[in-house]
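Throughout, residue positions are numbered sequentially from 1 according to the sequence presented. Counting starts at 1 for both ligands and their atoms, following the listed order.
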Amino acid sequence: MPRLLIDTAKGRMASIVLALVTMVAGSTGMASQSETVEISITAQQGFQFEPTELEIPVGAEVILVFENAGIMGHNLHIPELEVMTDTITPGKTETVEFTFDEAGTYAFRCEVPGHAEAGMTGKLVVQ
Ligand SMILES: [Cu+2]
């Protein structure tokens with residue numbers, strides 16, 4: 001009889017802990033799904049992106065505004081997502097939207113011949 005009481009108490013504790021874990025997991029999951037993040041990357045003079053590194057939450061809907069503040073045409077390509085802007089002329093902007101479903105470090109680069117080699121590269125840290 002006393003043993004049965006202990007088992008019941010343990011069982012109740014276990015179900016309370018489980019309920020808490022489920023609540024926490026559910027709320028963070030919903031937050032990342034509905035999250036929208038706007039970032040901007042500028043192509044500068046001298047074959048440089050600014051910034052060259054950004055942090056992005058995994059699962060967020062990313063709105064990337066790419067601006068060309070340089071003196072020649074540039075684009076922005078994220079090879080692993082197959083996301084790429086047009087090559088835009090100085091003073092123009094282009095917006096692309098995408099989502100990273102997996103954490104990791106993703107490179108971006110300008111695909112105009114010679115530009116990445118001259119320094120037009122950067123990375124997005126997704127976590
Ligand atoms: Cu370029």
Side-chain angles (χ1 to χ4, degrees):
M1 196 59 170
R3 191 174 183 176
L4 187 70
L5 275 172
I6 291 164
D7 285 351
T8 309
K10 267 191 194 163
R12 196 178 299 141
M13 279 292 282
S15 56
I16 290 166
V17 170
L18 248 179
L20 282 172
V21 169
T22 308
M23 278 168 61
V24 171
S27 62
T28 54
M30 278 172 64
S32 64
Q33 266 174 20
S34 59
E35 191 174 359
T36 301
V37 177
E38 188 171 321
I39 59 174
S40 60
I41 299 176
T42 303
Q44 304 281 6
Q45 293 186 26
F47 304 109
Q48 287 261 316
F49 284 115
E50 175 60 40
T52 55
E53 185 174 336
L54 283 107
E55 287 184 13
I56 294 173
V58 66
E61 191 176 307
V62 181
I63 300 169
L64 166 63
V65 179
F66 173 58
E67 181 185 355
N68 186 351
I71 55 171
M72 60 187 86
H74 294 293
N75 59 48
L76 192 155
H77 183 211
I78 307 170
E80 279 168 277
L81 282 192
E82 297 182 5
V83 166
M84 187 166 171
T85 69
D86 288 333
T87 299
I88 56 173
T89 54
K92 301 282 187 191
T93 64
E94 186 176 331
T95 302
V96 288
E97 295 181 25
F98 51 87
T99 298
F100 287 104
D101 293 323
E102 285 180 38
T105 300
Y106 298 83
F108 64 88
R109 49 187 278 138
C110 177
E111 295 294 355
V112 175
H115 287 202
E117 291 73 13
M120 290 199 80
T121 61
K123 61 182 178 180
L124 304 172
V125 180
V126 179
Q127 53 197 3

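The Cu ion (ligand 1) is closest to atom ND1 of His74 (considering only N, O or S atoms). Its N, O or S atom nearest to the Cu ion (ligand 1) is what matters here, and for His115 that atom is ND1.
Here Lys123 contributes atom NZ and Phe49 contributes atom CZ; the two are 15.0 Å apart, rounded to the nearest 0.5 Å.
Vertex the Cu ion (ligand 1), arms ending at SD of Met120 and SG of Cys110: the angle is 110° after rounding to 10 degrees.
Remark: side-chain polar atoms of Asp86 are not paired, donor with acceptor, to backbone N or O of Ile88 under 3.5 angstrom.
In this pair, Tyr106 and Phe100 present their aromatic rings tilted. The plane angle is within the 30 to 60° band.
Nearest approach of Gly70 to Pro90, heavy atoms of both residues: O-CB, 3.3 Å.
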